[in-house]
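Working notes, beginning with the structure itself.
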Amino acid sequence: MMSYKVAVLGASPKADRYSNKAVKMLLEYGHEVLPIHPNIDKIHDQACYKNLAAIDQPIHTLTLYVGEERSNKMLDEIVGLQPQRIIMNPGTENDFLKKEAEKQGIEVVKGCTLVMLQTKQF
């Protein structure tokens, strides 16, 4: 199984949130997880990054848990991170971001990180 560096934009410390479940499941599947949250220090013992600009290493996958309004404001940061892939989880779909990312050669997948992991599509 491949192991990837995965940034989780919109990571939450609340156990009932899908972004929290994604951090936990990504770790269970052996991936290196970089949660992004401006006000929290750690999620599932992983140090949080305050924003995308704080990430100073190549990322394979950026999985989104923020809506279109927030991701539009972060467009330059998201594309500037240059992940190989962006996963738009349900409720985070953004056609403008998809188009801009694909112009930069970034693969964009509309899917659910949790389902992708469980069905070996990650």
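Note that the structure is a prediction, hence the values are computed from the model and not measured. Side chains are part of it too, since the values below use all heavy atoms of this structure and drop only hydrogens, waters and symmetry mates.
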* Asked: Can you check whether R85 reaches P83 side chain to side chain, under 4.5 Å on heavy atoms?
  -> no
* To do: Carefully, step by step, assess H31 and F122 under the rule side chain to side chain contact (heavy atoms under 4.5 Å, CB included).
  => CA-CA 10 Å; H31 299 289; F122 196 87; 3.7 Å; yes
* To do: For Y65 and S19, work out which heavy atoms get closest and say how close.
  => CG-CB, 3.5 Å
* To do: Grab the two heavy atoms, one from I36 and one from I55, that are nearest each other, plus how far apart they are.
  => CD1-CD1, 3.8 Å
* To do: Taking all heavy atoms of V23 and all of A11, pick out the closest pair and write down the distance.
  => CG2-CB, 4.2 Å
* **Derivation and outcome, side chain to side chain contact (heavy atoms under 4.5 Å, CB included), residues V6 and L34** => CA-CA 6 Å; V6 183; L34 293 78; over 6 Å; no
* Do side-chain atoms of E93 reach the backbone of G91 as a donor and acceptor pair under 3.5 angstrom? -> yes
* Criterion side-chain hydrogen bond (donor to acceptor under 3.5 Å, both in side chains) against K110, the qualifying member of N94, T92, D95 -> D95
* To do: Count the heavy atoms of every other residue, nucleotide or ligand shown that sit under 6.0 Å from CD of Q57, and state whether that count exceeds 12.
  => yes
* Side-chain heavy atoms under 4.5 angstrom apart, residues restricted to Ile, Leu, Val, Met, Phe, Trp, Tyr: same cluster for L9 and I40? -> no
* **Straight-line distance of E28 CD to K21 NZ, nearest 0.5 Å** => 11.5 Å
* Asked: Looking only at heavy atoms, which two atoms of I78 and I86 are closest? And how far apart?
  -> CG2-CD1, 3.7 Å
* Salt bridge present between E100 and K103 (N-O < 4.0 angstrom) -> yes
* Asked: Same cluster for Y4 and L62 if Ile/Leu/Val/Met/Phe/Trp/Tyr side chains link at under 4.5 Å?
  -> no
* Hey, mind stepping through L64 and L97 against side chain to side chain contact (heavy atoms under 4.5 Å, CB included) and telling me if it holds? -> CA-CA 11 Å; L64 295 181; L97 171 57; 3.7 Å; yes
* Asked: For D45, does the CG atom have more than 12 heavy-atom neighbours from other residues, nucleotides or ligands under 6.0 Å away?
  -> no
* To do: Answer with yes or no whether the hydrophobic clustering places Y49 together with V79; edges join I, L, V, M, F, W, Y residues whose side-chain heavy atoms lie under 4.5 Å apart.
  => yes
* **Nearest atoms (heavy-atom pairs only) where P13 meets I43** => N-CD1, 3.9 Å
* Within 6.0 angstrom of Y18 OH, more than 12 heavy atoms from elsewhere -> no
* Are a donor atom and an acceptor atom from the side chains of N89 and T113 found within less than 3.5 Å of each other? -> yes
* Asked: Counting distance only, does the side-chain N/O of S3 pair as donor-acceptor with the main-chain N or O of G30 below 3.5 Å?
  -> yes
* List the steps and the verdict of side chain to side chain contact (heavy atoms under 4.5 Å, CB included) for V8 and L26. => CA-CA 10 Å; V8 180; L26 284 160; 3.9 Å; yes
* Quick one: NZ on K120 to CD on Q118, what's the gap to the nearest 0.5 Å? -> 10.0 Å
* Hey, could you give me the OG/NZ distance between S71 and K73, rounded to the nearest 0.5 Å? => 10.5 Å
* Side-chain touch Q84/I106, heavy atoms, less than 4.5 angstrom -> no
* Between V115 and M88, is there a shared hydrophobic cluster once you connect ILVMFWY residues whose side-chain heavy atoms come closer than 4.5 Å? -> no
* For the hydrophobic clusters of this structure (ILVMFWY residues joined by side-chain heavy atoms under 4.5 Å, transitively), does one cluster hold both I87 and I59? -> no
* Could you grab the distance from atom CE of M25 to atom CG of N20, nearest 0.5 Å is fine? => 11.5 Å
* Asked: So with a 6.0 Å cut-off around NZ of K5, is the heavy-atom count from everything else above 12?
  -> yes
* Structure fact -> Between V33 and Q46 the two heavy atoms that sit nearest each other are O-OE1, 3.7 Å
* Using a 4.5 Å cut-off on heavy atoms from C-beta on, say whether the side chain of M74 contacts that of N51. => no
